[in-house]
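Side chains included, hydrogens not; waters and symmetry mates left out as well; all remaining heavy atoms used. In what follows, chains are A, B, ... by sequence order, proteins preceding strands, each numbered from 1.
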Amino acid sequence: MATVTDAPTAPPLQRLRDLLDDAVLAVTGGERPPSSPALDRPKQAAHGDFATNAAMMLPKIVGAAPPMIAERLSVALTEHLGGDLDDVSVAGPGFLNLRMSDRWLDAALAEVEAAGRSFATGTPGTRESIHLEFVSNNPTGPVHIGGARGAAFGSALASLLELHGHPVHREYYVNDFGNQVQLFGASLQARARGEEVPEDGYRGDYVAEVAARIPDAATRSVDEVATEGIALMVAQQRASLERFRTTFDRWFSERSLHAPADGATSSPVDDAFAVLAEQGRTYEQEGALYLRTTDSGDDKDRVLVRSDGRPTYFASDVAYHHDKRTRGFARVIDVLGADHHGYVARVEAAFEALGGDRDAIELLITQFVNLFENGERAKMSKRAGEFVALDDLVDDIGVDAARWYLLARSHDTTIDLDLADAREQSAENPVYYVQYAHARIRSILQRGRDGEVTGARTGEGAGDDEGSADAVGATDGVGDAATAGGGDGATTGSAYVAAERELLLALLAWPDEVAEAATRRAPHRIATYLLALARQYSAFYRDCPVLAEGVPADVRARRLSLCSATADVIAAGLGVLGVDAPERM
RNA sequence: GCGCCCGUAGCUCAGUGGAUAGAGCGCUUGCCUCCGGAGCAAGAAGUCGCAUGUUCGAAUCAUGCCGGGCGCGCCA
């Protein structure tokens, strides 16, 4: 009954799902349900290690009531799983609750530990090369708080997609073309001359600082000043972002789209226009060139070239997306700030007009970040003009806290970030709580490797806690596992205590978490998971002495394995978020 | 007016069809002879904005309202 999906590299939970699928097919006589049945951890421990709704999906196919189907499934599963299964029971409207045997847990733990940090390294359904554009802050100022969120989200999403198995190309689009560049140059020059900046010019303190670094800024042409100023700003942004653990494979110049590349006779913009014209997607009206974006659901058609002959910003973006397409990525993802959400429809339309598949481009909008200080709206500095600068944020609360707080929430919800909370370097702060768990485990592992044994308490010391664990975890298991905790000598292997079981089950969910988070473009799920895992480890730490005198050798080995696997998963998870996983704190 | 996002515990937020809705902070009460107390445990706290509908089953899906944020340029 084993199938090709039963590959030896599939993680334990995936193999369990495959077996469930086999059982379903056995019951339906080969017909597949419209969607795969779920195999999840139930909310209540009394419902076993895993629960599946499979029986409730099949009444139409099988022609029987869910509880009846569940009974048949349980028979099939018992057959398939043999000694890996401790107990299977039908509950509620037709749920099937599974309790795995210690043998299965042992094997699973061995796999998790052996895989280490690569435990969740993914096997996505379809592996595809992804072009990811994010931040794309204007080069006329420092990276601001909106850019910080885009940077945190984009860099974490990139890591997450890579962990899941997709090759990712990270790109920053530099808007070094158009009106704003001239305006920036004029602002720089005004500052260099000690004059007021022009109307609608750039007024932040940084303008004078940048101007001071440009030789002869007061007397050279505005063009030259602008070019040098942009270069300095881009370099500064790059430094800010690197400090924020955000790097790019390429910084793509908008300006480069308006001139022929080496050896070419036409510019990328011209090339893109030619494609659009061939497709019959453009037209002229009142002297301007339009793209018929309404064909693809936009509110109105958009101007590519103004009646005075100058291309719009949108023209650049059309050319940019044409370039992305011709570079051969299977998927294009743009991460944009909330103020650009009105732009989504036209970019999608342009992508389609260029011949792209609508499903091959995604525009993700990150919502605003509101900063507070003890409940008051915070205004951090004038360095960025009217915006809060990324550098100020990092100076204030540190990279780890900044990234955590920006990443712990879904990208499409507005964040109210209280700096006083984020600054707090204690366990009140979730990021340090998770880091602390990691450091603590590494410390234990270090001692464990050195063969240390602490004289503290024995395995029996956890007896009180096991009592409560029993009540929570094993109403169906007659206490066979939980009551055996410390006393049975151990030559034949001691049973799993509830806290060990819970921790291992949490670890086994890691590949699912990665897959789900990657598929949903939701790195914040990783943060949620890590916090729960750290809590789970704390419960384990409380109930299960690892190095104490009197802990049987096999139990000690198992607990060291659990520690090792937990540390690796936490490190991998924090790695996705770009948060440090310290050895000690 | 139209479009996008959001509305879940006092606060900040998880949870996109399953069983009794969760976490962190804050609050109350306990716990330092104990592998890292930057810790642990217990407790109080919710009409999941409102209404109707779909479903065996809805915080989750649909429709309509209400409230908040943002956007609707031949700006970028």
Item checked: C4(B) glycosidic torsion: syn (within 90° of 0) vs anti -> anti
Check: Side chain of Asp317(A), base of A76(B): donor and acceptor closer than 3.5 Å?
Finding: no
Notebook entry, point to check: Under 4.0 Å between a side-chain N/O of Arg306(A) and OP1 or OP2 of C75(B), yes or no?
Noted result: yes
Checklist line | Residue-phosphate contact under 4.0 Å: Arg525(A) side-chain N/O, U16(B) OP1/OP2 | finding: yes
Notebook entry, point to check: What is the distance from atom CG of Leu13(A) to atom CG of Asp40(A), rounded to the nearest 0.5 Å?
Noted result: 9.0 Å
Notebook entry, point to check: Under 4.0 Å between a side-chain N/O of Lys300(A) and OP1 or OP2 of G73(B), yes or no?
Noted result: yes
Margin query: Before we go on, tell me: are the rings of Tyr436(A) and Tyr433(A) under 6.0 Å apart, centre to centre?
Written below: no
Notebook entry, point to check: Side chains of Gln182(A) and Asp223(A): do they bring a donor and an acceptor to under 3.5 Å?
Noted result: yes
Checklist line | Aromatic-base stack, His47(A) on A19(B), cutoff 5.5 Å, angle under 30 | finding: yes
Notebook entry, point to check: OP1 or OP2 of G36(B) less than 4.0 angstrom from a side-chain nitrogen or oxygen of Arg447(A), does that happen here?
Noted result: yes
Notebook entry, point to check: Are any of Arg535(A)'s side-chain N or O atoms less than 4.0 Å away from OP1 or OP2 of G24(B)?
Noted result: yes
Notebook entry, point to check: Ring stacking, Phe368(A) with base of G69(B), under 5.5 Å and under 30°?
Noted result: no
